[in-house]
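What follows is a short report on a single structure.
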Number of protein chains: 2
Amino acid sequence: MKTKNTPSSPKALVARVAGSGNAVDSIARPLVTVDVAIFSIRDDVLSVLLVQRGQGPDEPFPLRWALPGGFVDVKKDATIEDCARRKLADKTGVTTPYMEQLGSWGSAGRDPRAWSVTNVYFALIASDEFCQIDERPPQQWFPVGEAIPRPLAFDHDQLLDAALRRLRDKVEYTVLPASLLPREFTLPELQHTFEIVLNRQLDKSAFRTRMLSAKVIEETGNFRIGPRRPALLYRLAEDATRKLPATFRRAD
Amino acid sequence: MKTKNTPSSPKALVARVAGSGNAVDSIARPLVTVDVAIFSIRDDVLSVLLVQRGQGPDEPFPLRWALPGGFVDVKKDATIEDCARRKLADKTGVTTPYMEQLGSWGSAGRDPRAWSVTNVYFALIASDEFCQIDERPPQQWFPVGEAIPRPLAFDHDQLLDAALRRLRDKVEYTVLPASLLPREFTLPELQHTFEIVLNRQLDKSAFRTRMLSAKVIEETGNFRIGPRRPALLYRLAEDATRKLPATFRRAD
DNA sequence: TGAATAGTGTCTTTCAGACAGTATTGG
DNA sequence: CCAATACTGTCTGAAAGACACTATTCA
């Protein structure tokens with residue numbers, strides 16, 4: 001585990017001085033970062049928030065677009081999840097969205113500056129909240145699909161693809177898309193959100209039965225008043241992470 | 001993103017000297033490790049491989065049991081997955097088991113020595129291969145459940161629980177348990193493995209239909225010869241990661 | 001009252017589970 | 001033939017999808 005440098009070699013010596021003198025200080029440490037794939041629905045299209053990188057002298061991937069993220073700050077952040085929430089709040093001002101970890105990617109080559117590991121999170125924010133989000137450069141929403149300005153910086157093409165796969169997977173057996181809506185929503189709105197993410201039409205009756213029997217949402221008692229018949233408003237239930245009773249029946 | 005240390009502060013200065021002088025070198029880096037939750041079936045019980053920690057002067061959690069793992073070696077390892085495979089091969093000699101990433105855990109407090117991030121992998125190895133695995137101390141298989149010598153070192157209780165949850169989740173909709181068997185196996189053997197992991201009996205007929213219609217396994221044409229009627233041998237199909245057509249029907 | 005959207009009832013199809021049946025081996 | 005295990009056929013009940021139906025609002 002320890003490097004082969006003897007204590008008298010310059011590198012090991014310096015590394016020792018830098019820390020408290022324990023064995024762990026003689027080990028070369030990778031860079032540790034966090035990146036966040038933030039999705040929302042914008043103009044009825046699933047979109048992701050990207051940030052354009054600067055073009056300083058030491059800047060890798062100048063002017064390329066990337067998922068928002070940055071180095072873990074061992075002074076500020078208690079956990080990597082805190083770090084992800086900090087990045088998210090910095091970019092969007094939203095502090096309590098749906099967020100889960102996607103995984104970590106680490107290799108010698110993914111960052112030209114050094115061996116680095118990134119811890120990737122996946123966030124959904126309500127479409128009524130992104131309106132308040134600054135979109136002035138270098139930050140911008142991109143509809144997923146052809147519009148993504150690939151190639152992204154680092155290995156972010158790969159990270160974004162993994163995030164999309166996770167979202168589309170989980171739509172099949174969870175109420176995840178509800179987190180793309182305001183806290184209160186109608187069943188037709190929820191169905192519409194599912195249809196956008198799944199990219200196919202769903203049957204109204206089957207959808208309602210499925211959602212209500214799973215008890216993942218509950219009535220608020222309020223109504224959405226519109227130009228036509230008002231619709232009951234629902235919110236996510238306590239245990240909204242519960243799996244739905246079955247997947248949407250697959251086509252043959 | 002950069003630390004608040006001025007270039008003249010001792011710590012920043014030393015850190016600069018240690019590296020190439022780029023901006024990234026002035027950032028305090030967390031420790032980066034990899035841990036692997038290795039499962040196998042031993043005497044018809046799902047078991048996990050644990051390693052007992054030493055008791056040197058700087059050793060955290062002396063004599064506690066832990067998931068096998070260790071520091072990423074930026075010289076040896078091209079990726080964190082390579083690192084996990086290296087740890088796995090070191091411990092078991094098995095080089096091509098089922099392996100997937102579970103996620104990463106990072107916080108200020110999880111390692112008393114420093115802010116650290118661990119990248120956790122999840123491995124299944126065939127029960128005919130673990131026989132060849134050294135079990136002399138400090139390495140030992142433990143049946144999951146009461147027999148686990150908790151509390152484990154670091155936050156490994158939490159990591160192990162997450163690994164078990166992942167396994168039990170995926171049993172519901174993938175052929176994962178086939179990776180706990182030799183490369184060729186019979187359908188009754190596969191069913192038995194599912195039953196061990198799920199901890200409940202399954203119906204033979206439904207199980208067979210489910211596995212065969214999903215095309216996740218294929219006949220080898222060979223038979224397992226035993227004391228009674230021979231059974232057809234199967235192997236995992238090319239696309240064995242495909243989801244099964246439905247979950248086992250849940251109880252009411 | 002009509003248009004539009006919200007929500008329900010009912011029939012059909014599909015498929016997992018129960019369980020009894022048949023098949024194939026060694027002794 | 002018997003015991004034991006491998007494998008199959010048939011029925012049933014549960015639930016998803018199709019789709020027509022009713023309900024409630026505004027104009």
Side-chain angles (χ1 to χ4, degrees), chain A residues 44 171-175 178 181-182 184-196 198-235 242-252, chain B residues 44 171-175 178 181 184-195 198-235 242-252:
Chain A
D44 265 9
V171 171
E172 298 286 344
Y173 58 91
T174 67
V175 261
L181 288 172
E184 300 200 350
F185 49 84
T186 69
L187 267 170
E189 285 164 1
L190 184 60
Q191 181 177 344
H192 187 228
T193 307
F194 269 80
E195 289 171 342
I196 289 171
L198 284 169
N199 198 29
R200 72 175 198 267
Q201 298 302 111
L202 298 174
D203 179 81
K204 187 168 48 166
S205 172
F207 184 82
R208 301 178 73 94
T209 313
R210 199 164 130 76
M211 291 301 145
L212 295 175
S213 72
K215 298 208 171 73
V216 288
I217 57 174
E218 54 194 24
E219 293 185 11
T220 65
N222 304 325
F223 287 85
R224 165 90 73 232
I225 308 299
R228 306 295 166 198
R229 175 176 175 178
L232 254 173
L233 283 165
Y234 293 82
R235 71 169 79 87
R242 194 192 303 117
K243 292 214 166 65
L244 295 178
T247 57
F248 294 108
R249 186 163 289 171
R250 60 227 109 261
D252 280 329
Chain B
D44 265 9
V171 172
E172 299 286 345
Y173 59 90
T174 67
V175 261
L181 289 172
E184 300 200 348
F185 48 83
T186 68
L187 266 171
E189 286 166 0
L190 184 59
Q191 182 176 343
H192 187 227
T193 306
F194 268 80
E195 288 171 342
L198 284 169
N199 197 29
R200 71 172 199 268
Q201 297 302 110
L202 298 174
D203 179 82
K204 190 168 42 168
S205 171
F207 184 82
R208 299 177 75 93
T209 313
R210 200 164 130 76
M211 290 302 145
L212 295 174
S213 72
K215 299 206 171 72
V216 288
I217 58 175
E218 55 194 23
E219 292 185 13
T220 64
N222 304 324
F223 286 85
R224 164 93 68 235
I225 308 298
R228 306 294 165 199
R229 173 176 176 178
L232 255 172
L233 283 165
Y234 293 82
R235 72 169 79 87
R242 194 189 304 115
K243 291 215 167 62
L244 296 177
T247 58
F248 295 109
R249 184 165 292 170
R250 60 227 111 260
D252 280 329

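Everything numeric in this text was worked out from a predicted model, so none of it was measured. Throughout, a chain's letter reflects where its sequence line sits, starting with A, and its residues are numbered from 1. The figures here come from the full heavy-atom set of this structure, side chains too, leaving out hydrogens, waters and symmetry mates.
Residue order along DNA chain C, read from the 5' end via each residue's closest nucleotide, puts A:Thr186 first among B:Thr209 and A:Thr186.
If you take CZ of A:Arg224 and C1' of C:dA6, they are 13 Å apart, rounded to a whole angstrom. In this structure, CG of B:Leu212 is placed 13 Å from P of D:dG9, rounded to the nearest angstrom. Across the protein-nucleic acid pair, A:Leu202 atom CG and D:dA18 atom P stand 10 Å apart, rounded to whole Å. Here C:dT5 presents its P atom at 18 Å from CZ of A:Phe223, a figure rounded to the nearest Å. The CD-C1' distance, from A:Glu219 to C:dG7, rounds to 12 Å in whole Å. Taking atom CD of residue A:Glu172 and atom C1' of nucleotide D:dA16, one finds them 14 Å apart after rounding to whole Å. In this structure, A:Phe207 atom CZ and C:dA6 atom C1' are separated by 14 Å, rounded to whole Å. Per the geometry, CZ belonging to A:Phe194 stands 12 Å off P belonging to D:dG17, to the nearest Å.
A 4.5 Å side-chain heavy-atom check between A:Ile196 and A:Asp44 finds at least one atom pair inside the cut-off. Between B:Glu172 and B:Leu198, the closest side-chain pair of non-hydrogen atoms falls below 4.5 Å. A:Thr186 is listed as a side-chain neighbour of A:Leu233, based on a closest heavy-atom distance under 4.5 Å.
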Could you go step by step and tell me if B:Phe194 and B:Met211 meet the side chain to side chain contact (heavy atoms under 4.5 Å, CB included) rule?
CA-CA 11 Å; B:Phe194 268 80; B:Met211 290 302 145; 3.5 Å; yes
Can you build the contact string for nucleotides 19-27 of chain C? Use B for base contact, S for sugar-phosphate-only contact, and - for no protein heavy atom under 4.0 Å.
B---BBBB-
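Here the CZ atom belonging to A:Phe185 is positioned 12.0 Å from the CG atom belonging to A:Leu232, to the nearest 0.5 angstrom.
Between the side chain of A:Gln191 and the backbone N or O of A:Leu202, at least one donor-acceptor pair lies under 3.5 Å.
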